[in-house]
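Letters A, B, ... mirror the listed sequences (proteins, then strands); counts begin at 1. Heavy atoms only: backbone and side chains are in, while hydrogens, waters and symmetry mates are out.
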2 protein chains.
Amino acid sequence: MQKTASQVPGLHRASLRKLHELDAALELMYYGWRGMTLSADQYLDTVGLSRPHHRILYVVARRPDISIGSLIEVLGISKQALNRPLALLLERKLVAAKRSPEQHRSKLLRLTAAGQKIEQTASSHERKVLRDAFDRVGAPGAAAWMAVMEAIADNN
Amino acid sequence: MQKTASQVPGLHRASLRKLHELDAALELMYYGWRGMTLSADQYLDTVGLSRPHHRILYVVARRPDISIGSLIEVLGISKQALNRPLALLLERKLVAAKRSPEQHRSKLLRLTAAGQKIEQTASSHERKVLRDAFDRVGAPGAAAWMAVMEAIADNN
DNA sequence: TCCTCATGTCAACATGGTTGACGTTAGGAT
DNA sequence: ATCCTAACGTCAACCATGTTGACATGAGGA
């Protein structure tokens with residue numbers, strides 16, 4: 001025994017001594033990311049996909065007819081890195097590619113019905129975690145959370 | 001040209017159509033994590049370390065005399081995965097290991113002065129991002145952020 | 001003495017990324 | 001018509017971070 005910690009180590013919020021006032025917040029960012037993506041990742045695993053596939057599905061769902069080049073730019077990865085996960089999505093017909101009639105150079109990507117379903121299911125797992133948390137603190141708390149996250153995200 | 005997006009793709013907050021009310025929040029979690037860790041990762045890179053090394057330094061700083069086994073448990077990785085980054089930290093004398101006099105089986109880990117310095121610098125980069133964000137929304141906003149993140153983290 | 005715990009270490013593998021190089025295809029300009 | 005170039009495809013080599021499995025070592029405890 002002597003497993004005082006969690007059964008799922010690494011997802012457990014370890015009790016570490018706080019050396020600075022903001023250490024708790026720092027750790028919350030880490031565990032928050034984990035907490036939001038955990039159930040979605042578990043679902044994705046059941047359909048043989050993972051986070052990079054979900055990232056592609058998420059973006060394509062919100063930018064129908066996006067080109068490969070734009071997708072690379074939005075995701076911030078190289079075309080070679082995009083190649084494998086996207087090829088799988090195309091092969092499994094979760095994403096469809098067509099060449100536009102006029103701009104025949106570019107490939108335009110769209111989700112198929114099956115792809116939409118998986119994207120919605122995976123993303124809704126993440127949204128549910130957020131919704132439950134927001135419900136607990138009310139609209140003002142949620143707005144404050146958004147404001148803080150925007151400040152952090154735009155840090156650069 | 002035609003680079004309407006960022007110079008550092010992937011760190012840029014892409015403008016995606018919002019299919020759901022919580023899409024913005026979902027994306028903020030992603031970009032928030034990036035925003036918090038970006039400058040720390042850049043600093044770590046200058047000293048030849050990366051995120052896993054920082055994770056080790058962070059935990060050991062807050063649990064002096066932690067054993068290898070406990071460290072593995074807190075980090076949630078296998079001993080083999082811990083081995084390489086920890087070996088580097090030991091070799092570079094950022095972490096010191098001693099066997100305890102009574103519990104001679106376990107190795108006890110501590111940061112050296114050099115290790116402490118690097119840990120503090122890296123972590124303070126992350127804390128600065130948080131502090132600036134909290135300053136912008138005030139104490140109540142910061143408290144609300146913490147409450148939401150706790151709810152998300154404890155989702156499981 | 002022997003079992004077991006804590007640790008170390010090797011090998012094989014998966015995943016998600018990188019750079020570099022090169023090929024194809026099709027518009028657009030001269 | 002020809003050539004340049006943009007958008008995409010693809011191969012190879014590599015790196016970092018993780019995984020399991022197997023096995024070795026060293027020291028306490030029964």
Which of parallel (below 30°), tilted (30 to 60°) and perpendicular (above 60°) describes A/Trp33 and B/Tyr30?
-> tilted
Using the ring of B/Tyr58 (Phe, Tyr or Trp, six-membered ring only), decide whether B/Arg62 places NZ or CZ under 6.0 Å from its centre and within 45 degrees of its axis.
-> yes
Residues in salt bridge (Lys or Arg N to Asp or Glu O under 4.0 Å) with A/Asp132, at least two apart?
-> A/Lys128
Give the rounded distance in Å between these two atoms: CD of A/Glu73 and P of D/dC8.
-> 11 Å
For B/Leu22 and A/Leu130, the nearest pair of non-hydrogen atoms, with its separation, is O-CD1, 4.2 Å
Whole angstrom is fine here: how far is it from CG in B/Asp45 over to P in C/dT18?
-> 15 Å
Can you check whether A/Ser50's main-chain N or O pairs, donor with acceptor, with A/His53's side chain at less than 3.5 Å?
-> yes
Interatomic distance where CG belongs to A/Asn83 and P belongs to D/dA13 [whole Å] = 17 Å
Exercise: identify the closest heavy-atom pair between B/Ala142 and B/Val137 | N-CG2, 3.8 Å
Nucleotide C/dT9, atom C1' - distance to CG of B/Leu86 in whole Å = 13 Å
Return the value, rounded to whole Å, for the distance between atom CD1 of A/Ile77 and atom P of C/dT18.
-> 6 Å
Rounded off to whole Å, could you give me the CG-to-P distance for the A/Leu82 and C/dT18 pair?
-> 10 Å
Nearest nucleotide by nearest heavy atom, which residue falls closer to the 5' end of DNA chain D, B/Ser78 or A/Lys79?
-> A/Lys79
Identify the two heavy atoms, one from A/Leu109 and one from A/Ala97, that lie closest to each other, and give their separation to 0.1 Å.
-> CD2-CB, 3.7 Å
Rounded distance in Å - CD1 (A/Ile56) to P (C/dT15) = 15 Å
For A/Ser106 and D/dA7, is the shortest distance between a side-chain N/O and OP1 or OP2 below 4.0 Å?
-> no
Is there a donor N/O on one and an acceptor N/O on the other, under 3.5 Å, for the side chain of A/Gln80 and the base of C/dG16?
-> no
Under 4.0 angstrom between A/Lys107 side-chain N/O and D/dG9 OP1 or OP2 = yes
When every non-hydrogen atom of B/Gly32 is compared with those of A/Ile152, the smallest separation belongs to O-CG2, 3.4 Å
Distance in angstrom units between A/Leu88 CG and C/dG16 P, rounded | 10 Å
Do side-chain atoms of A/Ser124 reach the backbone of A/Thr121 as a donor and acceptor pair under 3.5 angstrom?
-> yes
Between the protein and nucleotides 14-16 of chain D, are there any N/O to N/O pairs under 3.5 Å, and if so, what are the atom names and distances?
none

Please work out which residues in residues 58-71 of chain A have a non-hydrogen atom less than 4.0 Å from an atom of DNA chain D and list them by number.
-> A/Ser67, A/Ile68, A/Gly69
